[in-house]
Amino acid sequence: MSALEKLITQAEQTHRLTREELITLLTDPQADTLLFAAADRVRKANVGDGVYLRGLIEFSNYCKNNCCYCGIRRDNSHAERYRLTPQEILQTARLAQTLGYKTVVLQSGEDPWFTADKMCEIIRQIKQLGLVITLSIGEKTREEYAAYRQAGAQRYLLRIETTDVNLYEKLDPGMRWHQRAKCLQDLKELGYEVGSGSLVGLPGQTAESLADDLLFFKQIPVDMAGIGPFIPHPQTPLKGESTAWHFTLSLKMMALMRLILPDINIPATTAMETLHPQGRIIALQSGANVVMPNVTDVRWRKRYALYPGKICLGEDATQCRGCIEGKINAIGRHIAHAPGFHGEYLKTHKKSAR
Ligand code: 5AD
Ligand code: FES
């Protein structure tokens, strides 16, 4: 057994890797295939063959922030802004439910039009449909997070983007890394299932800082973590950056996350499929167990352009639902019909993870 094989086998059994070991595995291309196969085994043992679907509703692309990587940043005057009415959001949630989704993810830029009161009303109405609600609407006060929780939201997605504080504050001007980390802490304390994650391939990002991202997620610990390759948007300051290594590196980050956090939910992110035609399926075979198909009306999809080359711009919610099911079945997996809470599979299957 080679040293790499030994290291990966040990991680598969103990779910522990040191910072140095993470760096070794992230940087050695010989680890790739071994790592993906090990993550696939750990995924099967701890979360099973079921793939959880979350219906994504992109309800506003107004944003008060100015992140240098993001296509809907405040200063992008070419972005055509849109905002769904609460009624339209509710209708989209109804459509998601008709299509069999158990969870909807309400995502937007940080749009001040949606006050806490308005959000709470939307949450209450969607909750009445019996859907699990995930919010992905950025940094808010602890009181606001508490109000959404009270109204019925159960999950929250807030990527840390990078744990490199200097890089974060350079790329997200006006924002504070410690404030973002505090938001994650607040969400955890308020009883949300917390999803975080990072962007992979940011200019200036190092293998050391990617290893720190993984250790950060383990330390919180997160219930879900989405890893997305950074894809430069032409109307942002980071236009023209290369994406050469972002796909494989993102896949490695996902696989390592599965090794060290064996039973969390890991989405096969949409951005993976922008870089590779089978991106989400490859991710599902390298540790991921969740997909978030878009249910947003086709009129708005292309305007929610965080990065260029977004998939499914011409397809509607029904087509995406059918498409993804076909792809999942084609690799011998199936759509899971449970709500997909963290740890649910092990509880019902009584297997020992560790
Ligand atoms: N490439 C890939 N992902 C991006 N995001 C923002 N801009 C980009 C980009 N250029 C991601 C961020 C954010 C999530 C909603 O979208 O990680 O948290
Ligand atoms: Fe949208 Fe395949 S998931 S077309």
Side-chain angles (χ1 to χ4, degrees), residues 51 53-61 63 65-73 76 79 99 101 105-110 134-139 156-163 167-168 171-172 175 180 183-184 195-203 205 213 224-243 246-247 249-250 253 267-275 277-281 284 291-296 298 301-302 304-330 335:
V51 175
L53 297 186
R54 322 288 198 203
L56 178 66
I57 306 177
E58 300 159 334
F59 67 91
S60 165
N61 70 351
C63 193
N65 293 330
N66 215 17
C67 306
C68 295
Y69 42 79
C70 185
I72 64 167
R73 68 200 300 267
N76 181 10
L99 292 172
Y101 290 103
V105 180
L106 302 182
Q107 189 175 91
S108 69
E110 287 195 15
T134 306
L135 297 177
S136 177
I137 56 177
E139 293 182 22
Y156 206 103
L157 306 182
L158 185 74
R159 287 188 180 170
I160 195 72
E161 315 293 1
T162 172
T163 44
L167 184 63
Y168 178 89
L171 295 182
D172 295 11
M175 297 174 78
R180 202 163 182 85
C183 286
L184 289 170
S196 192
S198 33
L199 274 170
V200 172
L202 292 168
Q205 196 176 36
D213 291 0
M224 187 211 196
I227 300 295
F230 160 59
I231 304 170
H233 189 291
Q235 288 152 359
T236 63
L238 299 185
K239 63 173 181 247
E241 292 282 336
S242 151
T243 56
H246 301 185
F247 181 79
L249 197 53
S250 298
M253 282 288 283
T269 55
T270 313
M272 290 295 275
E273 201 140 316
T274 294
L275 294 186
Q278 275 90 48
R280 289 176 300 176
I281 290 303
L284 285 174
V291 181
M292 295 166 50
N294 207 328
V295 285
T296 316
V298 281
R301 287 187 185 207
K302 70 171 181 306
Y304 200 81
L306 308 178
Y307 54 85
K310 202 180 158 195
I311 60 163
C312 306
L313 291 184
E315 283 79 17
D316 68 18
T318 310
Q319 287 168 312
C320 285
R321 178 65 178 77
C323 163
I324 200 66
E325 179 153 19
K327 288 184 178 187
I328 289 167
N329 291 339
I335 308 267

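If you're wondering where the values come from, they're calculated on a predicted model, not measured in any experiment. Ligands are counted one by one from 1 in listed order, and the atoms in each one are counted from 1 as well. Each residue takes its place number in the sequence, starting with 1.
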task: Could you tell me whether Tyr69 and ligand 1 have an N or O pair separated by under 3.5 Å?
output: yes
- prompt: What do we get for Leu306 next to ligand 1 when only non-hydrogen atoms under 4.0 Å count, side chain, backbone, both or neither?
  reply: both
task: Return the residue, atom name and 0.1 Å-rounded distance of the protein heavy atom closest to atom 11 (C) of ligand 1.
output: Arg159 NH1, 3.6 Å
statement: Closest to atom 2 (Fe) of ligand 2 among protein heavy atoms sits Cys323 SG, 2.2 Å
message: Which option wins on minimum heavy-atom distance to atom 2 (C) of ligand 1: Ser136, Pro229, Ala271?
response: Pro229
- prompt: At a non-hydrogen distance cut-off of under 4.0 Å, which region of Arg280 contacts ligand 2 (side chain, backbone, both, or neither)?
  reply: side chain
- request: Check whether any side-chain heavy atom of Leu158 lies under 4.5 Å from a side-chain heavy atom of Leu184, and answer yes or no.
  value: yes
field: Protein contact to atom 1 (N) of ligand 1 [nearest heavy atom, distance to 0.1 Å]
entry: Ile231 N, 3.0 Å
- request: Just go through Lys239, Glu161, His246, Met272 and tell me whose heavy atom is the nearest to atom 13 (C) of ligand 1.
  value: Glu161
field: pair His246-Ile231: side-chain heavy atoms closer than 4.5 Å
entry: no
query: Does Arg180 come within less than 4.0 Å of Glu161, counting only side-chain N to carboxylate O?
result: yes
- prompt: Going by the order shown, which atoms of ligand 1 are within less than 4.0 Å of some heavy atom of Tyr307?
  reply: 1 (N), 2 (C), 3 (N), 9 (C), 10 (N)
message: Using 2.8 Å as the threshold, say whether any N, O or S atom from Cys320 sits that close to atom 2 (Fe) of ligand 2.
response: no
- prompt: Is the closest basic N to carboxylate O distance between Lys310 and Glu273 below 4.0 Å?
  reply: no
Side chain Arg159, main chain Ala225, donor-acceptor under 3.5 Å: no
field: Atoms of ligand 2 close to Cys312 [distance to a heavy atom under 4.0 angstrom, numbered from 1]
entry: 1 (Fe), 3 (S), 4 (S)
message: Given the ring of Tyr101, does Arg54 sit roughly above its face, with NZ or CZ under 6.0 Å from the centre of the six-membered ring and within 45° of the axis?
response: no
Donor + acceptor pair across side chains of Tyr304, Gln107 (<3.5 Å): yes
query: Are the side chain of His233 and the backbone N or O of Pro308 linked by a donor-acceptor pair below 3.5 Å?
result: no
- prompt: Considering distance alone, does some N or O of Leu199 sit under 3.5 Å from an N or O of ligand 1?
  reply: no
